[in-house]
There are 2 protein chains.
Amino acid sequence: MPAIDVVFFDVLGTVVDWRGSITGEVANFLRRHEAHHIDAGAFADAWVGRYDAAAGAVRDDGRPYVTLDVLNRETLDVSLSEVGIAPSGLPARELDELTRAWHRLKPWPDAVAGIAALKKRFIVAPLSDGHTRMLVDMAKFAGLPWDVVLGADLFQAYKPMPQVYSSACGFLDVAPERAMLVAAHGYDLAGARACGLKTAFIQRSNASDPSKACENQSRHDWDFSADDLCDLARRL
Amino acid sequence: MPAIDVVFFDVLGTVVDWRGSITGEVANFLRRHEAHHIDAGAFADAWVGRYDAAAGAVRDDGRPYVTLDVLNRETLDVSLSEVGIAPSGLPARELDELTRAWHRLKPWPDAVAGIAALKKRFIVAPLSDGHTRMLVDMAKFAGLPWDVVLGADLFQAYKPMPQVYSSACGFLDVAPERAMLVAAHGYDLAGARACGLKTAFIQRSNASDPSKACENQSRHDWDFSADDLCDLARRL
């Protein structure tokens, strides 16, 4: 067993099926509004695809931190306008509710069992761009058995800003080298490594992220790599 | 069911048997150091009894926030000196380890089942003077099934400072009137009420707190009162 006390997990894409879940809720929304000409999968991809640039305004361009609820609501409006639906013509309550689809993301099939197995030996916690309430709602919806939930609102920052990884270790009173990040995204693991954390890459072949499509990911660059979270629990 | 989304719990005394747990670890410590003349229960009372004044330095006297680990280590030294044991004559490692007894407090018999029952309908979270790592260690040790753990280190403050209650509601994106504090201590419930939270008093007849001995507690002053956490789950 490696000398690790805390295992952090990227959530969006690594633990939950982000795009699949959003696509399902978008399809219901479009059906309810009789927008049958719009493809739910393409719409979800466009919406999810705007997330990185929206977080980038905080990360790189000095926008004061706002939660993913705020960013997702803004990018929903843009995505609707792009397909010819004026968001001002829809009840705000319905758009807020669709935005809360991000609080109800479904776990990958291995996620709950994998996290539960790792929880027996380590402190397990999400380390996500999601804010605390989003992550808590998602954990209750999906049955994710976290020991502790530290949302991006605690750090007022988005990954891979170094204060996310460093402050998370600080709150858990753990030296970075005794913590590990588990993620399906190389940029996130690189950010964790730069702060001294150990790294574990999870192969999510179905989880290609349109917002990070140009990223070149190799499973061999990291301290551990695994096919899924149950496989990781066996390897550690 | 009341219109509540989040139930916060005071921990020390309300969820865990603070003094009983500390007494057990103190007894082991004194035995190991052949200090048979010192009564473990009286020593634990004296140590626990210094906690309120130590937190008061942060709360009332402008001391910058430090965690309970720091305060408890300081008051351990004072308590040892008082019974004629020079802390400088003992290995620091052993004193640190005894201080970590506060991370291993045993739950009251109803605590795990009561919190689990309330978790089915509400977000459940500790709201304690303990810091995040202390509360996470305690939850793993005692099997407390929290949805989220917000330690005093997030607020850099000790109860009943209002920012504790207000910031906790902020992190969970819940209006204060849709949150409730559960506690065995009137001063804590009064602090929560002043911030707009609902209140539930738990009668812990065995949990008299030497640091709050002069407090006059009535179970009838609060929105709810119950004999224990399972009783509270039934009443809500």
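Values below: all heavy atoms of this structure, side chains included; hydrogens, waters and symmetry mates excluded. Lettering follows sequence order; numbering is per chain, from 1.
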At a cut-off of 3.5 Å, what donor and acceptor atoms pair up between chain A and chain B?
residue   : atom : partner   : partner atom : Å
Lys119(A) : O    : Lys140(B) : NZ           : 2.9
Phe122(A) : O    : Lys140(B) : NZ           : 2.9
Arg133(A) : NH1  : Leu172(B) : O            : 2.8
Lys140(A) : NZ   : Lys119(B) : O            : 2.9
Lys140(A) : NZ   : Phe122(B) : O            : 2.9
Lys140(A) : NZ   : Asp147(B) : OD1          : 3.3
Lys140(A) : NZ   : Asp147(B) : OD2          : 2.5
Asp147(A) : OD1  : Lys140(B) : NZ           : 3.3
Asp147(A) : OD2  : Lys140(B) : NZ           : 2.5
Leu172(A) : O    : Arg133(B) : NH1          : 2.8

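- In this structure Ala179(A) satisfies the side chain to side chain contact (heavy atoms under 4.5 Å, CB included) test together with Val6(A), Phe8(A), Cys169(A), Val174(A), Leu197(A), sequence neighbours excluded.
- Between chain B and the options Leu154(A), Val149(A), Leu135(A), Leu150(A), heavy-atom pairs under 4.5 Å are most frequent for Leu154(A).
- Residues Leu172(B) and Val136(A) have side chains in contact (heavy-atom distance under 4.5 Å, counting atoms from C-beta outward).
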